[in-house]
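What's counted below: heavy atoms across the whole structure, side chains too, no hydrogens, waters or symmetry copies. Every chain is numbered from 1 and lettered A, B, ... according to where its sequence line falls, protein lines coming before strand lines.
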Amino acid sequence: MKQKLLDAFKTLSKSFFYGLLIQCFFLTTLMASESNAQIKSIDKAKIRLENKLWRTTELFDFIESETGYVFVYPEDAIDGNSSIEINEEAKTVEDVLKIFAQQMGLKFKQVNNSIYVGKTKELEVLIENVQADIEVRGVVKDEADSPIPGVTVIEKGTTNGTVTDLDGTYSLVVDEGAELVYSFVGFLTQTVHVNNRSTIDIFLQEDFGDLDEVVVVGYGTQKKSNLTGSVTDLKADKLVQTPVTNVKGLLIGQIPGLISNQNPGLPGEDNASLSIRGFGNPLVIVDGVESYLDRIDPNDIETVTVLKDASAAIYGARAGNGVILVTTKRGKAGSMTVNYHGYVATQKRLTFADQVDASGFIRIGRDAVFNGQFDPLNPEAEIGYGTLFTEENLALYESGQLPSYNWVDAVLKKTGSPLMNHNLSFRGGSDNIRYYSSIGYSRQSGIFEGDYDYNKLTLTNNIDIDLSKNLVLTINGQYIKEEKDYSFVSPSTIWNDLQTAQPIFNPTLPDPEKAPYSGFNERSPVARIQQKFAGYSKTDMHTLAGAAELKYSIPFVKGLAIGGKVNVRARNLQNASLRKPYDVWSYDPNSVTNDFDGYTLRASILGNSFSRSYYFGGSNDPNSRVLSRVYATYNNEVDKHSFGVLVFGENENNIYRSLTVNRTDLLSTEVPQVGGTNELTSTSGTGRDIQYTRVSFAGRLNYAYDQKYLIEATLRADASSKFGNNAWGYFPSVSVGWNIANEEFLKNSSLLDQLKLRMSYSQTGVDSNIGNTSFEYLSGFEEITGSVYYLDGAPLPMITTTGLVNPNITWEETTLYNVGVDMTMFSGKLYATLDAFYRYRDGLLRIPLESLPSTFGATLPQVNLDSRSNRGFELSIGNQGTIGDFKYDISAGIAYARERYENYQEDINFDDPIQVQFDQLSGRWVNITYGYKTDGLFNTQAEVDEYLEKYTIEDINGAPKPGDIRYLDLTGDGIINRADRYQIGYGSNPDITYSISPRLSYKNFSFAMLWQGGTRFNVNISGLFRGAFNNEQIPLTLHDQYTWRQDPNNPGVGANPDAQLPAFERNGTRPWNNIQSDFWMYNGTYIRLKTATLTYSIPTSFLSKIGLSNANVYMSGDNLLSFNNMGIFKNAVDPEEATSANAFKLPLLRTMSFGVQVGF
Amino acid sequence: MYKRKNMNIMKSKILLMMLLLTVFASCESQLTKTPDFISEEVVFEDKSLTEAYIANIYNDMLFINLGGQAQLDMGMIPAAGAEHINFANWQTPNNTYRRSYTAASGPGPLDYWGYNSIRDINYLLENIGESSTFDEDYILEKTNEVRFLRAFTYFQMVIRFGGVPLITSVQNVDDPEDVLYPSRATEQEIYEFIQAELEDILVTMPDGKTGASGRVDKYATLALLSRASLYAASIGNFGEIGSDGVVGIEPGSVDAFYQKSYDTSKELIESGLFSLYNKHDDKMVNFTQLFLDEGNDEVIFAEVFEPIVRGHSLDNLATPAGFLSTWNSNFPVLYDIVEQFDFVDGRKGTDISRDDLTADNSWDIHDFFGNRDPRFRASVFYPESTWQGGLVYFHSSTFYTNEAGERVQATSGTFDRNGEAWPAACHPRNARNTALLLRKKLDESNLEPISGRSGQDFYVFRFGETLLNFAEAAFYLGKTGEALDAINQLRDRAGMPLLTEISEDAIRQERQVELAFESHRFWDLIRWRIAPQYLDGVRTKGLVFNYDLDTDKYIITLKNAEGEERTFGPERYYLPISLSLIADNPNLVQNPGY
């Protein structure tokens, strides 16, 4: 952000010289007479003026042509129509200007050869010339070695000073022992002893703590010091250096209160889920239009802003969960700069559960069979070990006579999954046309050893054209092409196969054209991941987005501008999927003879199918979205009052169209076609064509008095086509701020730089509670696609009701209160922001169960029924400083958020105290989980017998056996039932999230880390983790280590009393052990080193020789370290992706990358 | 220069105007979007829409459980009735007997609460009369058809819960509370409603026969009346009244129900339109073909399937391992039901004592299984059953004498048996559970038994059942001669020796054998009130086969088929009403014992 601001200043000063002017008016330090020894003071320079009526600008032009002075002024300072009569012919410039100053309310300052013009009400004292002892020259640059124009240079303790020119150079005559003070907005002020030097070059450091940045807010920008809302922004430079392929991954841990779950996916589909303060999916706005985060090239992003409170209210019905604003980069006037950023990375799997080897498989299988069949009443009965878990097999595998194989390694890469990303951008422009163009390319092949490739091409062109002095045309164009080239099957099918792949079969056959048998039916995970066996799924997605905006600053009314914008976004997703049949084979090298090649056909995948789809990208993602907007803005300052007004109207139309055609029984899978006439061929299709429209009007008023007292009010009216007669809704908000540090009593505080108190109240909505294409307010019948019923020998189509109607359906209403404090101390070294919020959501949609019993016979429509509340706080705090060449900036954040059911229309029987205790939701925290209390495992039959003697069991399936979980009778009534439950933990999302990110630099090296974590949540171990052989799954090594076992020769007694997992049977976990209990709940607290990046900036001295302006190389790591509390599941489950802790899902990846950034 | 600027401003003003127009011209009118629905008004004006509406009602009927993953629920009622289980415990049907039945746990996967169908039917009944295009005959035909379906829905609910709320009109959200929050009718009232409805529509139903092609007809109506009346009679005969009649049938009405069942069965028999399927001389082949030769004269009413277009996955699920398939071996048959099948020579199935099934004895497989009731051979795969040109194997190992003269046990490799390859052990999947698999209704000609490629119709009512209903009703009405005759018709068709005298046990055994795996046994055990005898405190059994190559015999031993004993208390004659239903409507009383 700071960088952007600086760039903006530079651009301005290069183009119009206005930068200098801005400097003069913004900085109170430059009080009076500034002079330059080389230039005549204006009281000495004489001009001859024609005796006539002079308009101000006319006079300035004349003086400029006569003297070499340059006048610098903002347009609005000069009243172009008034004129003044000047009688005397020869005068000093000073005298002439004095006349103008008095009559026109202007003030003038001379700096070097520039004369700055501003408005005033008093007579301005003009410049004196001060003679000094020595002349100091030098250049002021920023850390990137670029000169900074407009830096104020003042001799300390005097009024003597100057400003740097376009090249950042300055000269000033000062006393020999003077100290020079260099200051510029956005940078830390630096003081230097002259010490008799004649050349002093200065590098200014950016001031991170300064609150005078400009921040992107809804439908505009705002000075950070004038913000009244809870707004967090993230700079481009913090975004690009983490090598991930999508933007969401970048935001994790960077913004306090932004909660994420990592959801690893196939290449191109990895996607974190984000929520602000635990509210749910936020609205994402990219360059002013609702869009998606995941497809943007991070390199093209200028800023990301998160609006958490009333600041989001300008987005009305969609803003209830907060808003994430993304702004892409735009052009800057000046010579073209070219930047390249590229990295290559390798990804390694983390947190994946390993399967046992062959001997473990047989041994544990025997245990499982024994656990299931053993009958204590008939202990001598034969145990049927079947044909697999035989003693003979156990001996063969334990002795190593038969080999063991590892299917996990055959399916998943251990490491070395490549990822690369390139972005080349061009930025520049003339005074009238500025451009930013970039081309980005990324390529990723997934973690599977098979065919899963993804590549993406992004082209971006953002152009700003000054059509005339008052008219700006802004054009955005973006094209994204994505290609997914996958094997036919989805990961869930691969996991399904992998889970049952027996280590006694070889996953790699000598003949690569044969798919290997994995021991269970036709399953073969190795074949699944290969297109040559399973077939393919190829997806091409094209996104074309374009926007044109015209903004006209009305010349007659200062501060008034009107504009219009049209934005079109079209997506086209095409998929072709071919499912192929194949056979699976086992191979026995020992059985090869002249007649037999050793391969045995074990099973087959039969049938084929081919489908082609043309459709939108997701349920709420339209094929085309057209947004049109007209707006007017008015900004003005009168004395200490500053106003801002925004009004706009907009209309957004979304079109959802899709078509899928599917054919089975292809004549050939070589050339798949959806058409065909074979009577066995089944071709079917589905499609839809629906639209969704939104119309909105909104207004916003900002007012600030003396930069101390701030107020902002907004009102938005939204109408949505999906709410029928209740289309319109009105969403007001108001927020106030108080810049306490600007008050007189604090103004001179050496401790405090900035202190601001903010308060806001807003009403917004959530309209994503029902799908954009739903018609809940209308009813009718729809044809059931894809199935028929046979009557009288003929297939009949079917129609079904669309359900009951809720004509009153509307959005959820959200009321949000926010209080915040922003503070900067010790010249920006210490900075902190604290926000606290309370949110009340009303009208949450739910099907009202109780109001009509099930005998009604129809599913009731969703009704705006319930309410919930959220509360919490976020604190971020940071410290920065410099010790010699060593610089540091350490920031940390912590956020707490929790949600409660306020009014919930209960679906319980209030006469049943147990239901009231455990199932009543009103007034209860959302994220609490009830379950049984446990006390380890029964180790012997005697313990089981004693337990069953003592307690009656209700509500739990099955009866306990040795090795099962012991549930406690909390109520003490001798009955183990649902009344014995208690709160065993929280939900699966953390209540508290925290992060700490140190950024250190020493000379050309810099090192940044991001640690991030969460606490107060639980991970509920489920599925295969609980025990092997559920769904025929192969045991994991952790089962081998920690599961309760009995010795068949001494049945009923545990052989490992310290076991941490209950016994399982040939059919998996016993129902007794499968109920919700604290046995399976683990504290999810974790902290991880999310990223660490080491950067080396190649010295400018070297770069300039090869024509580069800057160059960095870096090494970066993602998901490097993590610490959690997961006990025996420590390395198998990651709490951050633990919404369901079942074994076998796409693992988190550790990414190690090497990147280069070059600019010239 | 100045002019240029002006031109630009002019152009941009035009552009701005255009923008303004785009936004504002299109506001309110654009907020109304058209859905892709069919309007309610036209459904009963257009026969193809009305037929599509009724087809959907048919589709929602619980003629056969076909839900669940890959239609696994088709094994649900046989699993609950301890006929065959499902491959593994993670499959839903096995949860019918592995779960607890309490008020809190609810009815579980056996649940059926068909009020959505009731509403759809009532909607048609209330609205089709308003049609301005349909003639009276068509309206009557359709009305009769859906009234049958409504009776069938209530029958499926009453056998599960006893009395349920009786709803015969479409409810509206603003109806009075006593309408919206109904109490449960008594079980007697529900059965009487079913009976009255069916008798009423029979009056106007034509004589045409359409049931075998899926369309409700007069004979399907008679068959439902026969079955429902028999259920009501036996519940009154063997059960008790509980909770003020919400469950149970008045003993005083037992005879009338038996009589109604007897009469309707007799009407079906005497219609002359139906007969026991008897096209093939080989009794085993005949009984197999009964289920594949669709539309034969034994079929009274069926749910019709066709491969691909409306196929199911029975062959895919049930084909034994070792044959071309993708799933297979999913329905292991319990030895407990095998014992119900007697031998063709008159030996009882239970004559083979479980105590003799030890490692000390070996058995000739062709006698142990092959000489049983041909219906057994047509219904169950056992070792060396022939299938698609091969043998189905179930043995875990093979004993043989090696070259050194030692007797050894092998689990891998292949032997030579009379010139044929003999695997040392079967596919692990076949021996995993009971080492017996369901065969009934499987289509041997289906060589690509993938999901959706099975087209066997499911017979909802067949004449075999009518004879069993008739025999049972006749027996309790004292007409033992007619009962004996009906049973013997079935035994004769099956190829079993005829009985000389009839008994309650004989009728019940015949019913379990004839209708095995057809989703009857569970409900029969309940209505006879003998379910605890077979389902409570029972650890069901499977078999372990070890083949002896030297003697061509099998060592057959018992193993536990299920991890725990089954439980079935008398409260389970009715399923519990789930707590949430009672919470929604406190007027619903819970069933006794929960």
Side-chain angles (χ1 to χ4, degrees), chain A residues 372-373 375 382 384 386-388 390 392 467-468 471 522 550 564 606-607 628 630 649 651 682 691 693 695 719 721 727 775 778 780-782 788-793 795-800 802 849-850 852-858 907-909 954-955 957-958 978 1030-1031 1065 1067-1068 1071, chain B residues 5 8-9 12 15-16 19-20 22-23 26-27 30-31 33 35 37-40 51-53 55-56 58-59 88-90 98-100 102 104 115-116 118-119 165 167 171 182 213-215 304 308-310 326 396 411 425 428 431-432 448 450 544 557 559-560 563-564 580 582-585:
Chain A
Q373 287 188 25
D375 185 354
E382 181 174 339
T387 60
L388 184 57
T390 59
E392 184 191 2
L467 296 175
S468 74
L471 192 67
E522 79 292 357
L550 209 50
L606 301 170
S628 327
V630 291
N651 172 19
S682 163
Q691 296 191 12
T693 291
V695 176
S721 63
F775 286 88
L778 288 176
F781 289 90
E782 57 194 357
V788 293
Y789 195 85
Y790 257 83
L791 288 173
D792 306 326
L796 283 185
M798 298 185 276
I799 59 170
T800 185
T802 56
L849 290 171
E850 198 186 13
L852 285 177
S854 54
T855 45
F856 191 79
D907 185 28
I908 60 167
N909 182 357
E954 287 175 2
D955 303 335
N957 289 326
R978 63 205 164 95
N1030 283 317
N1031 282 303
E1065 298 180 354
N1067 273 324
Chain B
K5 264 185 195 169
N8 278 340
I9 290 167
S12 52
L15 272 170
L16 267 176
L19 276 174
L20 279 163
T22 353
V23 175
S26 52
C27 280
Q30 286 221 355
L31 285 173
K33 297 292 175 193
F37 299 162
I38 298 160
S39 155
E40 283 168 339
E51 291 298 331
Y53 183 92
N56 185 47
Y58 272 99
N59 196 48
N89 284 342
W90 57 80
R98 287 171 73 241
R99 68 195 299 280
S100 66
T102 64
Y115 286 98
N116 283 16
I118 300 287
R119 184 185 181 88
I167 293 174
Q171 295 189 342
S213 60
R215 178 78 76 181
V304 177
I308 305 174
V309 192
R310 187 170 196 265
T326 54
S396 300
T411 57
R432 184 186 184 279
E448 212 174 53
I450 56 182
V544 177
T557 51
K559 74 178 213 182
N560 289 322
E564 291 160 29
S580 65
I582 295 174
D584 294 344
N585 177 6

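If you tally non-hydrogen atom pairs under 4.5 Å between each of V304(B), N89(B), I118(B) and chain A, the highest count goes to N89(B). The most heavy-atom pairs under 4.5 Å with chain B, out of N909(A), D375(A), I799(A), L796(A), come from I799(A). Chain B forms the most heavy-atom pairs under 4.5 Å with one residue out of N1031(A), L388(A), D792(A), and that residue is N1031(A).
With a 4.5 angstrom heavy-atom cutoff, T390(A) touches chain B only via side-chain atoms. For P428(B), the parts lying under 4.5 angstrom from a heavy atom of chain A are both the backbone and the side chain. For T800(A), the parts lying under 4.5 angstrom from a heavy atom of chain B are both the backbone and the side chain. The contact between T411(B) and chain A is made by backbone and side chain atoms together, counting heavy-atom distances below 4.5 Å. Only the side chain of I167(B) comes within contact range of chain A, with at least one heavy atom under 4.5 Å from a heavy atom of that chain. Contact of V544(B) with chain A is made through the side chain alone, with heavy-atom distances under 4.5 Å. Contacts of R215(B) with chain A are made by both backbone and side-chain atoms, with heavy-atom separations under 4.5 Å. With a 4.5 Å cut-off on non-hydrogen atoms, E392(A) touches chain B through its side chain but not through its backbone.
The shortest heavy-atom contact between L791(A) and G214(B) is CD2-O, 3.1 Å. Minimum heavy-atom separation, P853(A) to N585(B): CB-CB, 3.6 Å. The shortest non-hydrogen separation linking D955(A) to A104(B) is OD1-CB, 3.6 Å. Looking at every heavy atom in both residues, T387(A) comes nearest to A431(B) through CG2-CB, 4.3 Å. Shortest non-hydrogen contact noted between G386(A) and S396(B) is O-CB, 3.9 Å. Minimum interatomic distance between E40(B) and G780(A) (heavy atoms only, all atoms of both residues): CG-CA, 4.1 Å.
Neither side chain, W90(B) nor N1030(A), offers a donor N or O lying under 3.5 Å from an acceptor on the other.
Within the 3.5 Å criterion, the main-chain N or O of V788(A) finds a donor-acceptor partner in the side chain of R310(B). Side chain of R98(B) to main chain of N957(A): no donor-acceptor pair is present (N/O by atom type, distance under 3.5 Å, no hydrogens or angles). In this structure, N560(B) contributes its side chain and Q373(A) its backbone to a donor-acceptor pair below 3.5 Å.
Taking CG of N56(B) as the reference point, atom CZ of F781(A) lies at 9.5 Å (rounded to 0.5 Å). With rounding to the nearest 0.5 angstrom, the CE atom of M798(A) is 3.5 Å from the CG atom of N59(B). Taking OG1 of T855(A) as the reference point, atom CD of Q171(B) lies at 5.5 Å (rounded to 0.5 Å). Distance check, rounded to the nearest 0.5 Å: CZ of R978(A) to OG1 of T102(B) gives 7.0 Å.
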